[in-house]
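Here the structure comes first, spelled out in structure tokens, and everything after it is commentary.
In listed order, ligands and their atoms are each counted from 1.
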Amino acid sequence: MSVVAPRCESLITVERLGPALGAAVSGVDLNAPVDAATFAAIKDAFHEHLVLLFRDQWLTPAAQVAFTERFGPVEGHPLKSRRALDEASGVHVLENLPGHRGGRNDWWHSDISFGAIPPALSILHARAIPEGGKGDTLFCNMYAAYASLSPGLRRVLDGLTAVHDARKLIARNESVENDEQPIALRLPPAEHPAVRTHPETGRRALYVNDYFTLRFGDMTEAESRPLLEFLIAHATRPENVYRHRWRKGDVIMWDNRCTMHYALYDYGPSEVRVMHRTTAAGDRPR
Ligand code: SIN
């Protein structure tokens, strides 16, 4: 594993987790306020690696919210698909417990892309993990997915929009296979560019996903499906993926503007997996 020297004056170490994306950051305690130099180094590393791992963090909900807020206003889930903590309403609890079968997220997706202004980034803190290496999360690099397409297909996609909606998420919560609350709220579908320019790095990333993208603009679902399936398969080729094996205390942040993720459901309904998730607001995709 290579160690990448951070650019700013700070004591953090950044170590690549894989060739496609992901890096582990050490030398910072996220329960304490993060100084300006360390924050700048974390931001640099985030833009370079897209997914950052911080091991052995035991974040209070308030500290998780405070760290997330450094990147932008903390947002609740627009559809209230999970319970939020009473003491910190910006913290969503993704939990699978005996007596509570959690809603599955085993679809490649970018968080809340069905919103008009989807979140820039999400932060997940592992509070409890199933035994035996189960419940991994996979991430893929959507800059690389776009860059590795042929010039001809890139030109086609540059001219397309895509329509995103939450119907699979709503169906998931209503399914008898889990104990999440039915979702009463509804949002109109959102139309975003199929390729977006990251507002901070200026790089172009494919912006469609398997959970929320319904079709391309001005096309039917049937017409769109083959191209969407090709793009999801292309983006999630093993060489473009980092698979994270969770440990209790891990904090992972990912950039929703240039990655997708997939939460493996390979554990049983009575196994314990508890994650605290926060999201920081983003910009309208362009
Ligand atoms: C998510 O899809 O936002 C959560 C991922 C996970 O639970 O691993």
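Short contacts between ligand 1 and Asp111, defined as distances under 4.0 Å to a heavy atom of the residue, involve ligand atoms 3 (O). The ligand atoms of ligand 1 that sit less than 4.0 angstrom from a heavy atom of Leu94 are 4 (C), 7 (O). Near Ala263, with a cut-off below 4.0 Å to any heavy atom, the atoms of ligand 1 are 5 (C), 6 (C), 7 (O), 8 (O). Of all atoms in ligand 1, numbered sequentially from 1 with element shown, those under 4.0 Å from a heavy atom of His261 are 1 (C), 2 (O), 3 (O). Which parts of ligand 1 touch Leu124 is read off a 4.0 Å heavy-atom cut-off, strictly below it: atoms 5 (C), 6 (C), 7 (O), 8 (O).
Under a cut-off of 6.0 angstrom, the local environment of CG in Asp218 is sparse, with at most 12 non-hydrogen atoms contributed by other residues, nucleotides or ligands. Around the NZ atom of Lys168, the shell of radius 6.0 Å holds more than 12 heavy atoms that belong to other residues, nucleotides or ligands. Heavy atoms from other residues, nucleotides or ligands lying under 6.0 Å from CD of Glu69 number more than 12. By the neighbour-count criterion of 12 heavy atoms within 6.0 Å, atom CZ of Arg155 is sparsely surrounded, having that number or fewer from other residues, nucleotides or ligands.
For the side chain to side chain donor-acceptor pair (under 3.5 Å) test with Ser122, the passing option among Asn256, Thr68, Thr279, Asp255 is Asn256; the others fail. Each of Arg245, His244, His125 was checked for a side chain to side chain donor-acceptor pair (under 3.5 Å) with Asp250, and the lone residue meeting it is His244.
Counting protein heavy atoms only, atom 7 (O) of ligand 1 is closest to Arg273 NH1, 2.9 Å. Protein heavy atom closest to atom 3 (O) of ligand 1, with residue, atom name and distance, is Arg277 NH1, 2.9 Å.
By the 3.5 Å distance cut-off applied to N or O atoms, Asn105 is counted among the residues near ligand 1. For ligand 1, one of its N or O atoms has an N or O atom of Thr137 under 3.5 Å away.
Minimum interatomic distance between Leu21 and Val51 (heavy atoms only, all atoms of both residues): CD1-CG2, 3.7 Å.
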